[in-house]
There are 2 protein chains.
Amino acid sequence: MTASGRPPNQLLQMLDAADFELLLPHLVTIELARATVLSEADVALRHVYFPHDGAVSITVGPSEGQTIEVAMIGRDSIVAGGAALADGIALSDAVALFPGTASAVEISAFRNAAAASARFRGLVIRHEQALFARAQQSLLCNTLHPVEARLACWLLRAYDLSNKKALPLTQDTLAQMMGVRRNAVSLVAHELQRAGIIRYSRGQIEITDLCALEATSCDCCSAVRAHHARLLRLPP
Amino acid sequence: MTASGRPPNQLLQMLDAADFELLLPHLVTIELARATVLSEADVALRHVYFPHDGAVSITVGPSEGQTIEVAMIGRDSIVAGGAALADGIALSDAVALFPGTASAVEISAFRNAAAASARFRGLVIRHEQALFARAQQSLLCNTLHPVEARLACWLLRAYDLSNKKALPLTQDTLAQMMGVRRNAVSLVAHELQRAGIIRYSRGQIEITDLCALEATSCDCCSAVRAHHARLLRLPP
DNA sequence: TGAGATGTGTCGCGCCCTCGACACCCAGTT
DNA sequence: AACTGGGTGTCGAGGGCGCGACACATCTCA
């Protein structure tokens, strides 16, 4: 909880008092242990989640080894908000990547709130648009940019969400997220470590030179940040 | 116009009579010449479009040569519907790829209709979700699948939208859409032609063996189709 | 008919990354 | 102390594609 007495999720914080009252009775704080599954593609949703901290990885892909991360989201976002407003069937898998907590809301309560309040609905829609922008940029980045820049981007996003420079991550999971072989990650990570930008060992990656990491990354990160900032500032 | 007396856009056709009345006074049929720009990233929208035929390519990318197609849409979709419901700033460029016509609506009228009718709003949101699914699948496809399969997918989609087996397309534009070099397209196209699956010459590509083309493509196409069908069937 | 513009084939070099495989190192367990 | 298992380095073969460049074909227009 924060000074406002609300859970520390950016979207909950932005809500009008009246809108927050709509949700409040239905908010349940839950633990997100690593690898907790929040939603599964093509399966009916039961809850919508407002993460407080940690990070959730949104992925698609039919089979193991053929999956790819669409976006990494956290306290600046909602899990499954768009699908909840649409037909309640999740488009993608959502899995806790870094542990944390979240406020869960039953999907019916979420839909009721969205039906009752145009302002709340607008916020969810703008959020969904921001998420779309994220996916779009990932599309461009994955298609056109080399693994090194993409890895830098990814780490920066993880840092943004967790505010921690040390992240519990294996090269293997990194490779899965980015849709490349562990091989490639190993090579690039080694290079970044040699340059003094990151340090890692046995499932812990630490950012040691944030500026250099930003220089290594492509401008996809900042493009996404700009969209997010614009869309989630309440209109006048 | 069709038997229903409505423009031949799938979404307009699906509308409740009352909802259609909301839009009808504001619908203006326009020509979409090839390369007509319908929206531009980061620029305020003026209209929302319901394509009747032809196809519109949604692309992102900061600079020339660094752009990539997010989705190709047509009569089964809306151009800029999501952005209109959000903050009215387009996320991406939208350009007419194949000529055709569309119904244009001023953004304010579109928003008013969405505010007035929960059913219309729901349809737009579900559509936007379908578009998101499309983008997601492109992300996966571009990251993991070889150019040959992607090209096949792309042609199938173009065929779906235009119902024509002959498409006015240069290898150059194909390469731009797919985010690869013309070189790669030339190679693959040559191969497909040799196999009797397509035929082409000077900016005209013709599908000669649809089944073989489907066999060449990855299952991304069908995955997207499934999502689209599910989301755009009116809920009970 | 000739000049230019546009679309296509193709060649070579080289890089990035895949794919499979194996060895090593470190932790926790027994 | 030995074992086991997960995380990492890395090697070699090979492919796919970037990247530049050039030749050639066809179309359009002067």
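None of these values were measured; they are calculated from a predicted model. Chain letters run A, B, ... following the sequence lines, proteins first and then strands; every chain starts at 1.
Rounded to an integer number of Å, the gap from A/Gln204 CD to C/dC26 C1' is 14 Å. Here the C1' atom of nucleotide C/dC17 and the CD atom of A/Gln176 are 17 Å apart, to the nearest Å. Note: CD (A/Gln193) to P (D/dT10) measures 11 Å, nearest angstrom. Taking atom NE2 of residue A/His145 and atom P of nucleotide C/dC16, one finds them 15 Å apart after rounding to whole Å. Put simply, CD on A/Glu191 is 11 Å from P on D/dT10, counting in whole angstrom units. Atoms CG (A/Asp172) and P (C/dT18) sit 13 Å apart, rounded to a whole Å. If you measure from atom CG of B/Leu144 to atom P of D/dC17, you get 13 Å, rounded to the nearest angstrom. Atom P of nucleotide D/dG12 and atom CG of A/Leu187 are separated by 14 Å, given to the nearest angstrom.
Contact check, A/Gln171 against D/dG9: a side-chain N or O comes under 4.0 Å of OP1 or OP2. Here B/His190 does not reach the OP1 or OP2 of C/dT8: none of its side-chain N or O atoms lies under 4.0 Å away. A/Arg181 has a side-chain polar atom (N or O) that falls below the 4.0 Å cut-off from OP1 or OP2 of C/dC19. A sub-4.0 Å separation between OP1 or OP2 of D/dG9 and a side-chain N or O of A/Ser186 is present. In terms of phosphate contacts, B/Tyr200 brings a side-chain nitrogen or oxygen within less than 4.0 Å of OP1 or OP2 of C/dG9.
Of the listed nucleotides (C/dC17, C/dT18, C/dT10), C/dT10 has the atom at the smallest distance from the side chain of B/Asn183.
Taking 4.5 Å as the limit, some side-chain heavy atom of A/His227 sits within range of a side-chain heavy atom of B/Asp42. In this structure the side chain of B/Leu174 never reaches within 4.5 angstrom of the side chain of B/Asp172, judged on heavy atoms.
If you check distances only, the side chain of B/Arg202 never reaches the base of C/dT8 with a donor-acceptor pair under 3.5 Å. The base of D/dG9 lies close enough to the side chain of A/Arg182 for a donor and an acceptor atom to sit less than 3.5 Å apart.
For the pair A/Arg157 and A/Asp76, the salt-bridge criterion is met [side-chain N within less than 4.0 Å of a carboxylate O].
A perpendicular orientation is assigned to the rings of B/Phe98 and B/Trp154, their planes being inclined by more than 60° (bins at 30° and 60°).
Using modelled atom types, one side-chain atom of A/Thr208 and one backbone atom of A/Ile197 make a donor-acceptor pair closer than 3.5 Å.
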